[in-house]
Amino acid sequence: MALSNVLEPAGSGFNFENSTRNIVLENGSEEGKIKAPKPMKTGTTIAGVVYKDGVVLGADTRATSEEVVADKMCAKIHYIAPNIYCCGAGTAADTEKTTDMLSSNLTIFSMNSGRNPRVVMAVNILQDMLFRYRGMIGAHLILGGVDCTGSHLYTVGPYGSMDKVPYLAMGSGKLPAMGILEDRFKGNMDLEEAKALVSDAIHAGIMSDLGSGNNIDLCVITKEGVDYIRPHRESIYNYKRQAKYKYKPGTTPVLNKTVNQLELVHETVQMMETAGSS
Amino acid sequence: MNTRGLRSQLKDSVPVTGLCPQAGSYGVQDSLRRGFSSVKNELLPSHPLELSEKNFQLNQDKMNFNTLRNIQGLHAPLKLQMEYRAARQIQRLPFLPSSNLALDTLRGTDDSIGFEDILNDPVLSEIMGDPHIMTEYKLGVL
C-alpha cells in the first residue's frame with residue numbers, strides 16, 4: 001500500500017522528522033561533512049534599572065551573524081503589553097517569536113478579564129514556555145513594567161530561570177554594563193539620572209564587547225505611559241554614503257538594433273465540448 | 001507546577017518504539033529522511049525534545065488529574081475525564097482536520113497561543129491522506 005504513513009494525520013507544533021537526517025549530514029564521512037548554518041544572534045548588551053517612578057530599559061542596536069553585522073538598527077526592546085516591555089538577547093528569531101507569543105497571550109488575557117496584565121504573569125508564562133523546551137529556545141530576556149502593584153524588573157534565562165532585581169544587564173556585553181550599574185546604582189533615582197546610568201552602562205558594553213554596537217535605544221515605562229526613545233544616542237561612526245550608486249536611465253549605450261517581424265502564418269479555431277454547453 | 005508522581009506516569013506514556021517507524025512509502029526504508037536503518041535509530045529519538053514533546057499533553061493531564069484527585073477525591077477527575085472523552089469524540093471524517101473546539105474549551109487552550117497553533121497547523125497542511133483508505137482504516141475494514 002503506497003503512502004501508508006499518512007494513515008495518521010501529522011501533529012501540530014514542532015516537527016522533528018528531519019533531525020535524524022541533520023545528524024547524519026553533520027557527522028558524515030570526512031569529505032562529506034556539512035556544517036549547519038548558524039542562526040543570527042543578537043550578541044547584545046541590554047540593561048534595565050528601576051527608578052523612583054518606574055523602569056528604564058536600554059539596549060544596543062547591533063545584530064551579528066558570526067563575524068558580520070547583520071543589522072545596524074535592530075530593535076531589541078519588544079512590546080509585550082501597554083505597560084510591559086521586554087529586552088531580548090540571544091538568538092534573534094527566538095526572542096522575537098517568544099515575545100510575540102507572550103504579547104498575544106497577554107492581549108487575550110486582558111480582553112478576557114478586562115484587566116491590565118501584571119509583570120509576574122508575563123514572567124510565569126515565559127518560564128513555563130522556556131522550561132518546556134529545555135533551553136533549546138535561546139532567549140535571554142529582561143522584562144520590565146509598571147502595574148497595579150508597582151514597578152518591577154525581572155530576568156528570564158533560556159532554561160526557565162528567573163531573577164527579580166532592581167538593576168540588571170544581560171547579553172554578551174553584560175559584564176562591562178554590570179560594572180557601571182554596580183558602581184553607580186542608588187535606590188529611588190530620578191528620571192535623568194536613571195537614563196544617564198542605563199545609557200552609560202550600554203555604552204560600556206558597546207565599547208568593550210564586539211557583539212554590541214551602533215546606537216543605544218531607551219524605553220522609559222511609568223504609570224502614566226511609555227516613552228520609547230529610539231535612538232537615544234547615535235553612534236559617532238554612522239557614516240553617510242558619499243555618492244548615489246543608482247544608474248541613471250540611458251547609462252548603458254545602445255550599439256545596434258534589429259527588428260524581426262513575426263508573420264501570422266495560419267489561424268485555426270476549435271470548439272471544445274464543455275459540460276455546461278448542450 | 002506539581003512534579004510529584006511524575007515517575008509513575010512515565011510508564012503509561014507513548015512507548016519509544018512507536019516513535020520512529022522506519023517504513024516510508026511502499027513500506028520501504030526512507031533513507032533520505034530517516035537515515036540508514038539500525039536498531040539504535042529505532043530505539044532512541046534523534047532529538048532530545050522529541051519524546052518529551054510527544055508526551056507533553058498526556059503528562060500534563062495526568063499530573064493535573066492526580067492533583068485534583070488528591071485534593072477533591074476521586075469524583076472530580078472522573079467527571080472531568082468523562083467530559084473529555086465525550087468532547088474527544090466530536091470529530092470530522094478522518095482525512096479532514098477537526099477544530100476540536102469543545103476539547104479546547106475544556107482544556108482551557110482556546111484562549112492561549114502556543115507553538116502548536118503557529119507551527120504545522122493541520123488546517124494549512126499540504127498533504128492529505130487518501131479519503132477512502134483513511135476511512136477504511138478508521139473503521140477497521142482495511
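Throughout, a chain's letter reflects where its sequence line sits, starting with A, and its residues are numbered from 1.
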Among residues at least two apart in sequence or on other chains, which ones pass side-chain contact (heavy atoms from CB on, under 4.5 Å) with B:D61? B:Q57, B:F65, B:R107
Qualifying residues under side-chain hydrogen bond (donor to acceptor under 3.5 Å, both in side chains), relative to B:S98, sequence neighbours excluded: B:Q91
Can you tell which part of B:F95 gets under 4.5 Å to a heavy atom of chain A, answering side chain, backbone, both or neither? neither
Contacting region of A:F109 [heavy-atom separation from chain B under 4.5 Å]: neither
Whether A:T61 side chain and A:A75 backbone form a donor-acceptor pair below 3.5 Å: no
Return the option, out of A:M111, A:K97, A:R132, with the maximum number of heavy-atom pairs under 4.5 Å with chain B. A:R132
With no hydrogens and no angle check, is any side-chain donor or acceptor of A:D147 less than 3.5 Å from a backbone partner on A:V119? yes
